[in-house]
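Since the structure comes first, as structure tokens, the remarks are kept for the end.
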Amino acid sequence: MAIQAPRGTRDVLPAESYRWQYLEEKMRKAAALAGYREVRTPVFEHTELFARGVGDTTDIVQKEMYTFNDKGNRSITLKPEGTAGAARCFLESNLYADALPCKMYYLNAPIFRYEAPQSGRLREHHQFGLECFGAQDATVDAELILLAYHLLEELGVKNLSVRINSIGCPNCRPSYHGALKDFLVSRLDGLCEDCKNRYERNPLRVLDCKKPGCKAQVKDAPSMLDYLCEECRDHFAQLKACLQSEGIPFAVDSRIVRGLDYYTKTVFELVTETDGGALTVCGGGRYDHLVAQLGGPDLPAVGFGMGIERVLMLLDSEGIEIPKPDQYEVFVTYMKDNRAEAFALVQALRRQGIRADMDHCSRSLKAQFKYANKTGARFAATIGEEEARTGTVRVKDMGSGEERTVALAEAGDTIRKMRKEAE
RNA sequence: GUGGGUAUAGCGUAGUUGGUUAACGCGUCAGAUUGUGGCUCUGAAGAUCGUGGGUUCGAGUCCCACUACUCACCCCA
């Protein structure tokens with residue numbers, strides 16, 4: 001075997017890129033409809049951005065980053081998530097000095113995490129994400145959840161469930177941390193090694209542990225929701241009210257924690273059930289102090305990321321078809337002495353905006369027709385000795401078999417006309 | 001990172017207790033009388049059996065290592 005794509009990466013082949021483009025179009029429209037404009041940030045950033053932004057106690061930063069020193073001996077990291085880069089960009093370009101809120105989205109942003117590849121989990125994947133800076137109202141949290149939900153719904157995804165939670169703010173979280181640690185301290189012996197670590201560094205994450213032993217220990221743990229300060233409680237209530245008034249189903253799940261440290265108040269996930277179990281397609285939340293942590297003004301913000309590969313997986317597993325465009329509308333077939341006329345016709349058709357091509361492999365007429373059929377071309381336009389002499393072309397509808405001989409200059413119009421008549 | 005499974009032409013597979021020229025389907029290409037596709041028929045090309053090592057007179061078949069894929073855990077989109 002020659003050189004292969006690196007572990008955990010995938011090619012999008014010419015025959016399947018239309019599926020990506022289809023999603024991209026829907027995503028752009030959905031984002032634009034709500035006033036989000038595209039931002040493009042670098043694929044790599046200074047490692048410090050993620051250490052400070054995402055949090056250096058997180059698994060992402062501790063063990064999953066593609067980090068290396070460049071030739072100038074700078075520590076560089078390939079983006080392990082989208083929000084930190086967007087926040088850095090927002091801050092660096094002083095966008096907070098413009099009218100707020102500042103809404104932006106990124107599409108097909110490559111995201112890198114050094115993990116064991118698995119179904120729905122690659123080392124390089126792509127995300128569609130939205131970020132809104134400078135607005136504290138829960139109406140934004142709600143609009144983001146609704147946007148993601150309706151987008152997936154429009155794509156045809158079923159069994160979609162929305163799970164939300166509030167993890168409080170720096171004012172109320174410490175008291176909860178205290179309560180949680182008090183609760184956990186007597187049960188430390190029953191926890192796994194990882195969780196004993198988490199107890200010290202980030203006790204919230206213990207709630208998220210999937211090990212049966214830990215789950216059992218944590219079953220009756222206090223809920224953050226009972227410790228929210230008034231502001232956070234109101235905010236969460238506002239969010240729920242917005243979602244209710246829009247009639248989308250959601251569930252409050254106090255165990256949602258998220259693996260990134262910057263989150264405050266709202267966190268949410270959009271999850272679907274597949275044969276392989278629950279799959280999170282979209283995750284996000286509020287990060288009110290990230291911009292400040294990066295050295296900027298203390299501005300609230302919310303956002304989410306949606307995994308493109310995971311969306312495509314869902315569409316596959318639910319049997320949702322994406323319309324596949326034909327490669328050509330017309331295939332020009334010709335006898336070997338008439339290559340020049342055929343070439344001219346192809347160029348003329350393309351000038352008229354018709355996707356056209358011809359044989360470039362010196363194949364027989366019969367083989368040319370076979371090829372035309374295979375590429376899905378709706379029409380064949382044939383030029384032989386007879387047509388060349390009279391300045392005509394024989395246009396054939398490959399579906400019905402109907403053929404018409406028309407002047408060369410009318411080829412394009414004839415194709416349009418025949419297509420219309422067939423409808 | 002830890003554990004299980006897999007690895008044979010472009011794709012999907014067969015390959016009997018290790019025994020000679022590795023088989024089949026799909027796909028590709030070419031033909032079935034001279035300028036026409038989809039169906040059918042015929043034929044051809046295409047594989048140092050993931051890589052490296054070992055056992056053996058002999059390995060696609062057994063053993064080890066590596067790599068990749070895959071599943072579970074961890075974590076996440």
Side-chain angles (χ1 to χ4, degrees), chain A residues 1-10 13 15 54 58-65 79-83 108-129 148 152 192-195 197-198 205 208-212 214 256-260 269-272 275-284 303-314 331-338 359 361-388 394-401 403:
Chain A
M1 203 38 117
I3 298 174
Q4 299 172 297
R7 176 151 217 229
T9 66
R10 267 212 198 312
L13 301 175
V54 176
T58 60
D59 280 6
I60 290 181
V61 170
Q62 278 189 340
K63 52 183 196 188
E64 294 177 358
M65 296 207 300
K79 273 197 275 200
E81 59 94 48
T83 299
N108 251 336
I111 303 289
F112 302 87
R113 284 183 211 161
Y114 196 93
E115 329 179 69
Q118 210 179 114
S119 162
R121 224 183 48 203
L122 296 161
R123 286 187 174 180
E124 180 194 33
H125 77 277
H126 300 79
Q127 286 189 18
F128 165 58
L152 292 169
C192 67
E193 283 309 306
D194 283 342
C195 282
N197 258 319
R198 291 178 183 129
R205 299 211 57 76
D208 213 23
C209 188
K210 305 294 190 297
K211 291 204 172 69
C214 297
I256 300 178
V257 170
R258 313 253 77 222
L260 299 86
E269 294 177 349
L270 272 64
V271 185
T272 62
D275 350 313
L279 186 76
T280 302
V281 266
C282 177
F304 73 70
M306 185 180 286
I308 312 261
E309 282 90 346
R310 287 196 177 173
V311 174
L312 287 168
M313 258 181 84
L314 281 183
F331 198 80
V332 175
T333 57
Y334 61 96
M335 301 297 291
K336 54 178 171 295
D337 292 336
N338 307 108
D359 173 62
C361 303
S362 298
R363 279 189 264 245
S364 69
L365 190 69
K366 184 186 199 132
Q368 292 179 43
F369 268 87
K370 279 192 180 177
Y371 186 82
N373 201 58
K374 219 159 12 208
T375 59
R378 169 75 183 279
F379 293 93
T382 308
I383 301 182
E385 192 189 343
E386 179 71 24
E387 289 81 9
R394 216 165 150 67
V395 179
K396 176 173 186 174
D397 182 327
M398 299 290 277
S400 66
E403 291 189 82

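In the text below, chain A, chain B and the rest are named by the order of the sequence lines, each starting its count at 1. No experiment lies behind these values; they were computed from the predicted model shown.
Here CD of A:E403 is found 10.0 Å from CG of A:D397. Values are rounded to the nearest 0.5 Å.
Classification of the A:F331-A:Y371 ring pair by plane angle, with boundaries at 30° and 60°, yields tilted.
When each of A:R121, A:Q127, A:R123 is paired with A:H125, the side-chain hydrogen bond (donor to acceptor under 3.5 Å, both in side chains) condition holds for A:Q127 and for no other.
Scanning for salt bridge (Lys or Arg N to Asp or Glu O under 4.0 Å) contacts around A:E81 gives an empty result, with sequence neighbours left out. Not a single side chain to side chain contact (heavy atoms under 4.5 Å, CB included) links A:D337 to another residue, sequence neighbours left out.
Annotation for A:V311 and A:L152: closest pair CG2-CD2, 4.0 Å, computed over non-hydrogen atoms.
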task = Evaluate side-chain contact (heavy atoms from CB on, under 4.5 Å) for A:R310 paired with A:L279, printing each intermediate quantity in order.
result = CA-CA 8 Å; A:R310 287 196 177 173; A:L279 186 76; 3.9 Å; yes
key: Test side-chain contact (heavy atoms from CB on, under 4.5 Å) applied to A:R378 and A:M398, step by step   = CA-CA 6 Å; A:R378 169 75 183 279; A:M398 299 290 277; over 6 Å; no
request  = Evaluate the side-chain contact (heavy atoms from CB on, under 4.5 Å) criterion for residues A:F128 and A:N108: first the C-alpha distance (whole Å), next the side-chain angles of each, then the deciding distance (0.1 Å), finally the verdict.
outcome  = CA-CA 6 Å; A:F128 165 58; A:N108 251 336; over 6 Å; no
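As rounded to the nearest Å, B:rC71 and B:rG15 have C1' atoms that lie 27 Å from one another. B:rG25 and B:rA14 have their C1' atoms separated by 11 Å, given to the nearest Å. Here the separation of B:rU8 from B:rA23, taken at their C1' atoms, is 11 Å to the nearest Å. Rounded to a whole angstrom, the distance from the P atom of B:rA47 to that of B:rG10 is 7 Å. Taking atom C1' in both B:rA7 and B:rC11, the straight-line distance is 15 Å, to the nearest Å. Between B:rA77 and B:rG60, the two C1' atoms lie 41 Å apart (nearest whole Å). Separating the P atom of B:rG19 from that of B:rG37 is a span of 47 Å, rounded to the nearest Å. Straight-line distance between the P atoms of B:rU70 and B:rG12: roughly 12 Å, to the nearest whole Å.
Across all strands shown, B:rG43 pairs with B:rC29; the Watson-Crick or G-U wobble distances both stay below 3.5 Å. Base-pair partner of B:rC69: B:rG5 (Watson-Crick or G-U wobble, both distances under 3.5 Å). For B:rG18, there is no paired nucleotide, since no Watson-Crick or G-U wobble pair has both relevant distances below 3.5 Å. Nucleotide B:rU36 forms no Watson-Crick or G-U wobble pair with any nucleotide shown, as no partner meets the under 3.5 Å limit on both distances. Across the strands present, B:rG52 finds its partner in B:rC64; the criterion is a Watson-Crick or G-U wobble pair with both atom distances under 3.5 angstrom.
Taking atom NE2 of A:H126 as the reference point, atom P of B:rA77 lies 16 Å away to the nearest angstrom. Nucleotide B:rU28 holds its C1' atom 17 Å from the CD atom of A:Q368, rounded to whole Å. In this structure, A:E64 places its CD atom 12 Å from C1' of B:rA77, rounding to the nearest Å. The distance from atom CD1 of A:I256 to atom P of B:rA77 is 12 Å, rounded to the nearest whole Å. Rounded to an integer number of Å, the gap from CD of A:E309 to P of B:rA77 is 14 Å. The CG-C1' distance, from A:L312 to B:rA77, rounds to 12 Å in whole Å. Summarising the geometry, the separation between CZ on A:R7 and P on B:rG1 is reported as 8 Å, rounded to the nearest angstrom.
At the heavy-atom level, A:G82 lies nowhere under 4.0 Å from the strands shown. Using a 4.0 Å heavy-atom criterion, one finds that A:G376 contacts no nucleic acid atom at all. Note on A:R10: only backbone sugar-phosphate atoms sit closer than 4.0 angstrom, heavy atoms only; bases stay farther off. No engagement by A:A380 is indicated, since no non-hydrogen atom pair under 4.0 Å with the nucleic acid exists. Residue A:L270 is out of contact with every strand shown, counting any heavy-atom pair closer than 4.0 Å. Contact annotation for A:L279: no contact, since no heavy-atom pair falls under 4.0 Å across all strands. Contacts of A:T333 with the nucleic acid, taken as non-hydrogen atoms under 4.0 Å apart, are absent. A:R363 comes within 4.0 angstrom of the backbone, heavy atoms only, and of no base.
Taking 4.0 angstrom as the limit, A:S364 places none of its side-chain polar atoms (N or O) nearer than this to OP1 or OP2 of B:rA30.
Of the two residues contacting RNA chain B, namely A:Y114 and A:E269, the nearest-nucleotide position lying further toward the 5' end is that of A:Y114. Between A:G284 and A:P117, it is A:P117 whose nearest contact on RNA chain B lies nearer the 5' terminus.
Side-chain N/O atoms of A:R121 and base N/O atoms of B:rC75 include a donor-acceptor pair closer than 3.5 Å.
Other residues, nucleotides and ligands place no more than 12 heavy atoms under 6.0 Å from the CD atom of A:E385.
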task = Can you check each nucleotide of nucleotides 32-41 of chain B against protein heavy atoms at under 4.0 Å and return B for base, S for sugar-phosphate only, - for none, in 5' to 3' order?
result = ---BBBB---
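The side chain of A:Q118 approaches B:rC71 more closely than any other nucleotide in the set B:rA77, B:rA30, B:rC71.
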